[in-house]
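Notes follow once the structure below has been shown.
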Amino acid sequence: MPRSEEAEWWANAVYEAIQEVPPGKVTSYGHIARLLGEPQRPRQVGVCLKVLASPESGSHFNSNTVPWQRIINSKGMISHRSGPGSAERQAEALAQEGVEVTTDSMGEMYVDFSRYGWFPSQLPSEGTDEQP
DNA sequence: TCTATGACCACAG
DNA sequence: CCTGTGGCCATAG
């Protein structure tokens, strides 16, 4: 069984799981991995989002049909990545659907899990991460 | 093939 | 409350 088929199965599962996150709520990479029965692979969830197709690509799963902005890290923080400003775009997308994003003195952006977290049938094991 | 890297996470000190 | 460590595994070069 080729690795590429495995990878495709995984990516599809990730995108479908993310589509279950309701508007105005957020969850973590690790929680998506746990929902799929692969608690050891939160990193691969991030990879799937990184390679998420653009809307023009015509793919069934793209950045319009998958609410990528609702996935943040286990500390409630919007993770930064290579592209400058990408974290800011995520914060803006969240604010647009009513999620309050706070910025600390270091410029890191946080979401309050106790108000906006979505963790069905389990807690994020940290549960209450608040901003100072 | 092998190495390096990374939208992560839990656990030790 | 820090920083470090080990684990994970698809991608890129």
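Just so we're on the same page: letters track the sequence lines, and every chain starts at 1.
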- Query: Taking it one step at a time, do A/V45 and A/W10 satisfy side chain to side chain contact (heavy atoms under 4.5 Å, CB included)?
  - Reply: CA-CA 9 Å; A/V45 174; A/W10 172 256; 3.9 Å; yes
- Task: Give the C-alpha distance, both sets of side-chain angles, the deciding distance and a yes or no for side chain to side chain contact (heavy atoms under 4.5 Å, CB included) between A/H60 and A/Y15.
- Result: CA-CA 10 Å; A/H60 180 222; A/Y15 296 143; over 6 Å; no
Roughly, in whole Å, what's the span from [atom1] in [X] to [atom2] in [N]?
X: A/E38; N: C/dG7; atom1: CD; atom2: C1'; value: 14 Å
X: A/M77; N: B/dC9; atom1: CE; atom2: C1'; value: 13 Å
X: A/L36; N: B/dC9; atom1: CG; atom2: P; value: 14 Å
X: A/E108; N: C/dC2; atom1: CD; atom2: C1'; value: 15 Å
X: A/H31; N: B/dC9; atom1: NE2; atom2: P; value: 12 Å

- Give the ring-plane orientation class for A/F119 versus A/F113, where under 30° counts as parallel, over 60° as perpendicular and anything between as tilted.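 Ring orientation, 0 to 90° scale: perpendicular.
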Could you tell me whether a side-chain N or O of [X] sits under 3.5 Å from a main-chain N or O of [Y], the two making a donor and an acceptor?
X: A/T27; Y: A/W118; answer: yes
X: A/R81; Y: A/S79; answer: yes
X: A/Q19; Y: A/T65; answer: yes

List, with names and distances, any nitrogen or oxygen atoms from the protein found under 3.5 Å away from nitrogen or oxygen atoms belonging to nucleotides 4-8 of chain B.
| residue | atom | partner | partner atom | Å |
| --- | --- | --- | --- | --- |
| B/dG6 | N9 | A/R43 | NH2 | 2.9 |
| B/dG6 | N7 | A/R43 | NH2 | 3.0 |
| B/dA7 | N7 | A/K50 | N | 3.3 |
| B/dA7 | N6 | A/L49 | O | 3.2 |
| B/dA7 | N1 | A/R81 | NH2 | 3.1 |
| B/dA7 | N3 | A/Y29 | OH | 3.0 |
| B/dA7 | N3 | A/R81 | NH2 | 3.1 |
| B/dC8 | OP1 | A/S79 | OG | 3.0 |
| B/dC8 | N4 | A/R43 | NH1 | 2.7 |

- Item | CA sep, side-chain torsions, deciding dist, call: A/L94, A/Y116, side chain to side chain contact (heavy atoms under 4.5 Å, CB included) | CA-CA 11 Å; A/L94 286 174; A/Y116 302 107; over 6 Å; no
- Does a salt bridge link A/K25 with A/E97, judged by any charged N lying under 4.0 Å from a carboxylate O?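 Salt bridge absent between A/K25 and A/E97.
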Atom pairs, protein N/O to nucleotides 11-13 of chain B N/O, distance under 3.5 Å:
none

